[in-house]
Amino acid sequence: MHDLRKKALLESGKTVSRKARARPEAPRSGGTLSPGNGSPASSRPGSRPGSRAPSTAGSRAGSRVPSEDGASEYDFDDAMTISSANSVTGEDVYEDDTSNTWPERLQDRIAELQDRKRSSVQGREATLKAYTHILKHHFAQKHIEKNISDIHAALLRSIRSGSSDQERLLALQALAVTILNCPSDAIFDHVWSALKVACEDSEEDKIKVEAINAISIAVSLGGGSSSAAEEVLDFLLEIIESDGQSVGAPDNGNVVAAALQAWGFVASYMDDLSVQRDQAMEAFMEQLDSTDSDVQIGAGVNIALLFEAARDDEEETGESSDLQYNQHRIMTRMAEIVRDSSKAVSKLNRKQLKTNFQSIITSLERGLGPGYSTAGRSSANPHTGGSRMESGAGGEDGFVEFGYREKLRIHNQILIIDTWSTHARMETLKTILGGGLATQYIENPAVREVLEGADVEFIVRTNRRR
């Protein structure tokens, strides 16, 4: 098909761009496609960028907070195409098939998922990959809800008894995006056992990571009760405390980092973390000494999230928190880690670690959210930077701090991430949806609800005549 299209373009006098020549063909109904690799789903975050289809353990991206000299904008501008948005996360694009609309292609993929008897393992892998891609980049609830029970059943069959690790991995990714597109009040109870077994029994750390990601989405948007969420938090904390040993992945940074990210995501939905707080804080403090920078960052983010939850409880109840950890000691320890990391950490990871820990230290010092910049300029300067500056931040000399600089730009909207709970949710959505996050935020009410804690600023464009 690619050669025919190229020939037709040449005969019409048009040329084929290098990007078009390099772009893979869309899977066709009934065809097969080699599995290939897509984007990650391990933690980070993000993540952990936060989906990656399929996950590659080495492609973890740490929690991103802005440096003092620049805002962090996971930018989805209105001038960006799906392809260019995906370049942020390294995903493949399957949008070349213009012979059918995406809902028609989706229905073909659903039919293939249900017809397991007449499919090969390679065919199922191709179908799962194409299905997941469509659901990342299109809000498809009305197109899948009538078949949702059959879809869940087909995905669970692949998760439990897939003929290859790739099939099981892709099915886990597909389940997560299915729940995001079509949230359910009852799916968690049906999938919890299978997801837990996949995490514990698989020999592949990529599958463990994807299972952890799917668990966090299922319990939060799939009808998990408060007690179910507490059970999941305990399961994830056991992974963190044991350095992955509890799920057969001893000293595996990918798995532990994914568990840290998932813990933060699930915890962001909890009204009361007092039961889990002390044990969790102890585990996160220990992980600050990890040799994996993503694990260190994930632990630091969750420490900040616990202190934020304690501050919120104090404001709500008027009673002092009994959190038994000295903030100054934690900040001193983080500063020591950043200083000593130069001996064993790559330059890029060292920069990420420094930037994130700097954000966490500022948060603990001032009782603020992530990405708050204490840098600034004179208030007389008309070019203000950052957003949501703290009231009273300007001193007598007129110096005004930049304020919150962790932002997500989607078309004409800028989301200001000013709480650690919103940060945790954002990183998980990046992990699951990747380059599809922009479309899902605009069209999917469930995704907007996940990020409801973010302040939104609208960009007003004016046409200037010269």
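Keep in mind the model is a prediction, meaning the values are calculated, not measured.
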task = Take Met426 and Leu408, measure what side chain to side chain contact (heavy atoms under 4.5 Å, CB included) needs, and give me the verdict at the end.
result = CA-CA 9 Å; Met426 178 69 75; Leu408 176 78; 3.5 Å; yes

note = Between Gly435 and His137, the two heavy atoms sitting closest are C-CE1, 3.6 Å

inquiry  = Show the nearest heavy-atom pair for residues Leu113 and Ala154, with the distance to one decimal.
reply    = O-CB, 3.7 Å

query = Hey, is the main chain of Glu167 close enough, under 3.5 Å, to the side chain of Arg124 for a donor-acceptor pair?
reply = no

request  = Examine the side chains of Thr419 and Thr422 and answer whether a donor and an acceptor come within less than 3.5 Å of each other.
outcome  = yes

query = About how many Å separate CD of Glu316 and CG of Asp272, when rounded to the nearest 0.5 Å?
reply = 9.5 Å

task = Please report the closest heavy-atom contact between Ala335 and Ile361, naming both atoms and the distance.
result = N-CD1, 4.3 Å

task = For atom CD of Glu449, decide whether the heavy atoms of other residues, nucleotides or ligands shown that lie under 6.0 angstrom number more than 12.
result = no

key: Inter-residue atom distance Glu203.CD - Lys208.NZ, 0.5 Å rounding   = 8.5 Å

ask   = Does the pair Arg105 and Ile134 meet the rule for a side chain to side chain contact (heavy atoms under 4.5 Å, CB included), with working shown?
value = CA-CA 8 Å; Arg105 296 197 301 274; Ile134 293 172; 4.1 Å; yes

ask   = So, do His143 and Trp102 sit near enough that their side-chain heavy atoms are less than 4.5 Å apart?
value = yes

request  = Indicate whether any N or O donor in one side chain lies under 3.5 Å from an N or O acceptor in the other, for Gln166 and Glu125.
outcome  = no

ask   = Are any side-chain N or O atoms of Asp292 and backbone N or O atoms of Val295, one a donor and one an acceptor, separated by less than 3.5 Å?
value = yes

inquiry  = Let's go through Leu135 and Leu106 carefully: what are the C-alpha distance in whole Å and the side-chain angles of both, what is the deciding distance for side chain to side chain contact (heavy atoms under 4.5 Å, CB included) to 0.1 Å, and is it a yes or a no?
reply    = CA-CA 8 Å; Leu135 261 63; Leu106 176 58; 3.5 Å; yes

inquiry  = Taking Tyr441's backbone N and O only, do any of them form a donor-acceptor pair with Arg448's side chain (distance below 3.5 Å, no angle check)?
reply    = yes

For residues 182-199, please give each side-chain donor-acceptor pair under 3.5 Å, one per line with the distance, not counting sequence neighbours.
from   : atom 1 : to     : atom 2 : distance (Å)
Ser184 : OG     : Ala186 : N      : 3.0
Ser184 : OG     : Ile187 : N      : 3.2
Trp192 : NE1    : Glu231 : OE2    : 3.4

inquiry  = Main chain of Ser268, side chain of Ser421: is a donor-acceptor contact present, judged purely on distance under 3.5 Å?
reply    = no

message = Is there a side-chain contact between Leu180 and Gln440 in this structure, where contact means two heavy atoms from C-beta onward sitting under 4.5 Å apart?
response = no

message = Just so I know, are the side chains of Gln296 and Gln287 near enough to count as touching, which here means a heavy-atom distance under 4.5 Å?
response = no

Smallest separation among heavy atoms of Asn252 and Val255, with atom names = OD1-N, 3.1 Å

Euclidean distance, Leu233 CG relative to Leu273 CG, rounded to 0.5 Å = 7.0 Å

Closest approach of Ile212 to Ala262 (non-hydrogen atoms, all atoms of both residues) = CG2-CB, 3.6 Å

request  = Would you mind reporting whether Gln413 and Glu457 have side-chain heavy atoms less than 4.5 Å apart?
outcome  = no

task = Evaluate the criterion salt bridge (charged side-chain N to carboxylate O under 4.0 Å, His left out) for residue pair Arg118 and Asp115; output intermediate values, then yes/no.
result = CA-CA 6 Å; Arg118 290 187 290 180; Asp115 191 12; 3.0 Å; yes

message = side chain to side chain contact (heavy atoms under 4.5 Å, CB included) for Phe357 and Ile337? Distances and angles first, verdict last.
response = CA-CA 9 Å; Phe357 275 18; Ile337 291 170; 3.9 Å; yes

query = Shortest non-hydrogen contact from Ala299 to Leu260?
reply = N-CD1, 3.8 Å

inquiry  = Quick check against the 3.5 Å criterion: does Ser246 have a side-chain atom that pairs as donor or acceptor with the backbone of Ser242?
reply    = no

Pairwise side-chain contact, Lys351 with Thr355, heavy-atom cut-off 4.5 Å (strictly under) = yes

query = Among all residues two or more places apart in sequence or in another chain, which pass the ring pair (Phe, Tyr, Trp, His ring centres under 6.0 Å) test with Phe265?
reply = Tyr269

ask   = For the residue pair Phe284 and Trp263, is the inter-centroid distance of their aromatic rings smaller than 6.0 Å?
value = yes

message = Quick test of your reading of the model: are Arg311 and Glu314 salt-bridged, counting only N-O distances below 4.0 Å?
response = no

query = Under a 4.5 Å cut-off applied to non-hydrogen side-chain atoms, are Glu230 and Met270 in contact?
reply = yes

key: Donor-acceptor pair, side chain of Ser363 and main chain of Leu368, under 3.5 angstrom   = yes

query = Just checking, is any N or O donor in the side chain of Gln141 or Asn181 under 3.5 Å from an acceptor N or O on the other one?
reply = no

request  = Supply the atom-to-atom distance Met334 CE to Ile360 CD1, rounded to the nearest 0.5 angstrom.
outcome  = 4.5 Å

request  = Drop me the distance from Glu308's CD to Ile303's CD1, to the nearest 0.5 angstrom.
outcome  = 14.0 Å

task = Any chance you could measure Thr127, atom OG1, to Ile110, atom CD1, to the nearest 0.5 Å?
result = 11.5 Å

task = Decide, yes or no, whether a salt bridge links Asp165 with Arg168 under the criterion of side-chain N to carboxylate O below 4.0 Å.
result = yes

inquiry  = Tell me whether Ser119 contacts the main-chain N or O of Arg116 through its side chain, where contact means a donor paired with an acceptor under 3.5 Å.
reply    = yes

task = Please tell me if the side chains of Ile215 and Val266 come closer than 4.5 Å, counting only heavy atoms from C-beta onward.
result = no

query = Do Val247 and Phe235 come close enough that some side-chain heavy atom pair is under 4.5 Å?
reply = yes

ask   = Any sub-3.5 Å donor-acceptor pair from Arg409's side-chain atoms to Ile414's backbone N or O?
value = no

